[in-house]
Amino acid sequence: MNLLPLPRRVDAPLLGRLQVQMEELQQWLGLTSPSGSKLMTTVWGYGLRGQKASYPGPTLEAFKNVPLLVEWRNTLPRPLLPFPRAHPLPVDTSIHLARPRFGVPTVTHLHGGHTEPESDGLPEAWFTQRYLERGPDWRKQLYRYDNTQEAGTLWYHDHTLGITRLNVYAGLAGFYLLRDENEQWLMPFNVLPSGPYEIVLAIQDRMFTDQGQLFYPATPPPDTTAPFPSVLPEFFGDFILVNGMAWPRLEVEPRQYRLRMLNGSDSRFYRLFFNQDMRGRVFQVGTELGLLDHPVPLDEPFILAPGERRDLVIDFKGLEGARLTLHNDAPVPFPAGDPLAAEDPTRDIMRFDVSLPLRGHPWPSSEVRKALPGGIPGTLRPKHGPLQPLTATRERKVLLFEGTDRFGRIRLLLGGQVQPQRLETLLWDEPITEDPVLGAVEVWEIYNVTADAHPIHLHMVHFQVLGRAPLTVAEGAVTPKEHFDPHTGESEGMGGILDLTQVFVEGFQPPPPDEQGWKDTVQAFPGEVTRIVARFDRPGRYAWHCHILSHEDHEMMRPYQVVG
């Protein structure tokens with residue numbers, strides 16, 4: 001096994017303004033030929049101007065209320081071929097996508113950022129090399145991140161309409177760690193491990209050719225009339241990469257480490273656990289967008305959905321010489337798909353070797369134990385205080401639905417409340433139905449009538465999970481709806497309408513302790529209603545979507561408008 005690469009860290013407040021370039025490069029991802037020589041892979045990466053780009057990109061570290069200006073420059077090779085042939089991966093032109101004439105469109109979204117719409121990285125704000133062609137939502141070159149939120153584990157990635165899955169697959173992703181005074185107070189005495197003991201882990205699955213190049217399947221599903229290349233309902237790779245390295249290992253000291261963990265995969269959920277009993281050693285200290293009130297022990301396997309992050313502290317004290325493998329046994333698709341076989345290579349994520357001598361103090365120090373009794377600190381929010389629940393002024397219902405497109409392919413869709421007792425599927429270009437008033441606090445009830453779990457992400461806002469309830473749909477509650485292209489009048493495929501008068505929702509159960517923090521992505525399980533609450537406090541047009549990238553590229557994404 002190869003050593004885990006650690007992305008370069010960038011002290012963004014020290015610089016104040018960054019120029020981050022998207023480049024093509026050759027990088028070793030841990031693959032070797034039958035003779036043992038390294039196979040280099042062509043990937044796309046981010047890098048500061050004047051520095052080498054990488055996949056994943058550099059970890060940008062920002063600070064609360066200290067604005068950061070970033071120009072995301074598209075310096076990818078600009079071949080003479082027209083788009084989509086200019087793209088190195090197979091582009092399906094039968095779906096709704098960015099359509100420049102030449103060049104490759106890109107746009108970067110700061111996932112989790114409380115960001116103005118002009119800097120949000122909306123899917124139609126794309127641009128090609130040297131800004132020669134720009135999408136209808138493109139507004140400016142220099143993005144502004146105000147960072148007006150608590151410390152959290154954010155990440156940046158490409159968000160181009162119709163090819164997000166391809167651009168992220170090529171390597172366009174990286175971490176953005178936001179700091180604040182509360183977090184800084186917890187670090188000096190090792191309440192939160194920091195410096196070399198704080199590790200980012202981006203988990204992604206991939207496929208490769210025999211020559212070590214990225215492979216993305218695009219053969220049309222059987223029994224459809226779809227063209228080649230074709231978007232697929234989901235993608236599941238047979239290699240697991242962590243920080244761009246296949247099945248790596250991390251050498252650690254016998255002490256506590258903070259792991260900032262991201263699922264950056266297209267469709268794959270992970271259910272993670274160690275190969276030996278780690279009860280009392282694994283704690284979640286934060287969700288995507290902030291620290292929890294108290295550390296939560298994770299004594300059972302935990303789920304990480306696409307787009308989700310977990311902020312963990314793992315205690316390796318007393319495990320000198322141990323080799324700990326982080327396993328995954330989530331079925332594909334999740335949760336009711338095929339279980340992983342014992343020999344499935346995607347069961348092993350990475351290994352932790354407790355092989356380094358102890359340096360410094362373990363977590364927490366004796367001084368902190370006096371102030372915060374017990375083996376772990378009693379509170380993680382001394383400066384912010386406990387998380388305050390939001391009080392909603394309106395409830396809104398939305399729908400997750402499985403339909404088909406005009407070729408007969410499975411197409412997952414979102415729906416809005418067109419009438420008080422009716423949820424109706426809508427495509428990206430159809431009129432907006434989610435229009436919160438500026439400053440409003442709303443509860444969104446997410447009705448999932450599909451067979452799969454979906455990670456639902458809202459841009460700009462941070463929300464709290466209120467709970468989930470079983471959903472019973474009576475026979476006849478769902479009626480088909482045909483979608484039409486507004487320009488040609490031709491059929492675009494089938495969606496559906498859900499009659500809420502024929503739906504029964506049982507009692508809501510509160511979220512588990514590890515979900516009781518600020519989030520931007522929530523797991524919406526099949527046959528359930530998931531409730532979240534958020535304050536919509538920036539005006540403008542944003543997006544909400546499923547973060548299974550193959551789903552959002554194929555219309556499981558909708559705009560919403562904060563009015564005011």
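Hydrogens, waters and symmetry mates play no part in the numbers below; they use all other heavy atoms, side chains included. This chain uses plain numbering: 1 for the first residue, then up along the sequence. Values in this document were obtained by computation on a predicted structure and should not be read as measured data.
Judged by distance alone, with hydrogens and angles left aside, the side-chain atoms of Asp205 form a donor-acceptor pair with the main-chain N or O of Gly237 at under 3.5 Å. Counting only distance, with no hydrogens or angles, the side chain of Asn243 and the backbone of Pro5 share a donor-acceptor pair below 3.5 Å. A donor-acceptor pair is defined here as one N or O able to donate and one able to accept, closer than 3.5 Å; no such pair exists between the side chain of Thr160 and the backbone of Trp126. Side-chain atoms of Arg309 never come within 3.5 Å of backbone atoms of Asn263 as a donor-acceptor pair (strictly under, hydrogens ignored). A distance-only check finds no donor-acceptor pair linking the side chain of Glu24 to the backbone of Thr42 [under 3.5 Å]. The closest donor-acceptor contact from the side chain of Gln213 to the backbone of Met40 lies under 3.5 Å. Ser265 contributes no side-chain N or O that, together with a main-chain N or O of Ser267, makes up a donor-acceptor pair within less than 3.5 Å. A donor-acceptor pair is defined here as one N or O able to donate and one able to accept, closer than 3.5 Å; such a pair exists between the side chain of Asp158 and the backbone of Val107. Counting only distance, with no hydrogens or angles, the side chain of Gln27 and the backbone of Thr41 share no donor-acceptor pair below 3.5 Å. Without hydrogens or angle criteria, Asp293 side chain to Arg381 main chain gives no donor-acceptor distance under 3.5 Å.
Note: Tyr143 and Tyr145 have perpendicular aromatic rings, judged against thresholds of 30 and 60 degrees for the angle between ring planes. Taking the six-membered ring where tryptophan is involved, the planes of His454 and His551 are tilted, since the angle between them lies from 30° to 60°. Between His111 and His157, the two ring planes are tilted [angle within 30° to 60°]. Classification of the Phe334-Phe269 ring pair by plane angle, with boundaries at 30° and 60°, yields parallel. Between Trp72 and Tyr156, the ring planes are tilted. Angles from 30° to 60° get that label.
Between Tyr257 and Tyr197, the distance from one ring center to the other falls under 6.0 angstrom.
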Start with the C-alpha distance between Trp185 and His384, add both sets of side-chain angles, then the distance that settles ring-ring contact (aromatic ring centres under 6.0 Å, His included), and finish with yes or no.
CA-CA 11 Å; Trp185 188 89; His384 296 318; over 10 Å; no
Walk me through it: do Met556 and Leu400 pass the test side chain to side chain contact (heavy atoms under 4.5 Å, CB included)? CA-CA 8 Å; Met556 201 174 189; Leu400 314 183; 4.1 Å; yes
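Not a single salt bridge (charged side-chain N to carboxylate O under 4.0 Å, His left out) links Arg411 to another residue, sequence neighbours left out. Applying the salt bridge (charged side-chain N to carboxylate O under 4.0 Å, His left out) test to Arg9 and every residue at least two apart in sequence or in another chain returns Glu61, Glu198.
Evaluated for a ring pair (Phe, Tyr, Trp, His ring centres under 6.0 Å) with His459, the options His114, His547, His109 yield exactly one hit, His109. A ring pair (Phe, Tyr, Trp, His ring centres under 6.0 Å) with Trp544 is found for exactly one of Tyr560, Trp444, Trp428, namely Trp444.
The minimum heavy-atom distance between Ala62 and Asn147, with the atom names listed, is CB-ND2, 3.8 Å. Looking at every heavy atom in both residues, Gln284 comes nearest to Leu292 through O-CD1, 3.5 Å. Residues Glu253 and Arg359 share a closest heavy-atom pair of OE1-N, 2.8 Å.
Using a 4.0 Å cut-off between charged nitrogen and carboxylate oxygen, Lys519 and Glu308 count as a salt-bridge pair. For Arg165 and Asp92, the salt-bridge test fails: no basic side-chain N is under 4.0 Å from an acidic carboxylate O. Note on Glu116 versus Arg139: no salt bridge recorded, every NZ/NE/NH1/NH2 to OD/OE distance being 4.0 Å or above.
For CZ of Arg541, the number of neighbouring non-hydrogen atoms (other residues, nucleotides, ligands) closer than 6.0 Å is greater than 12.
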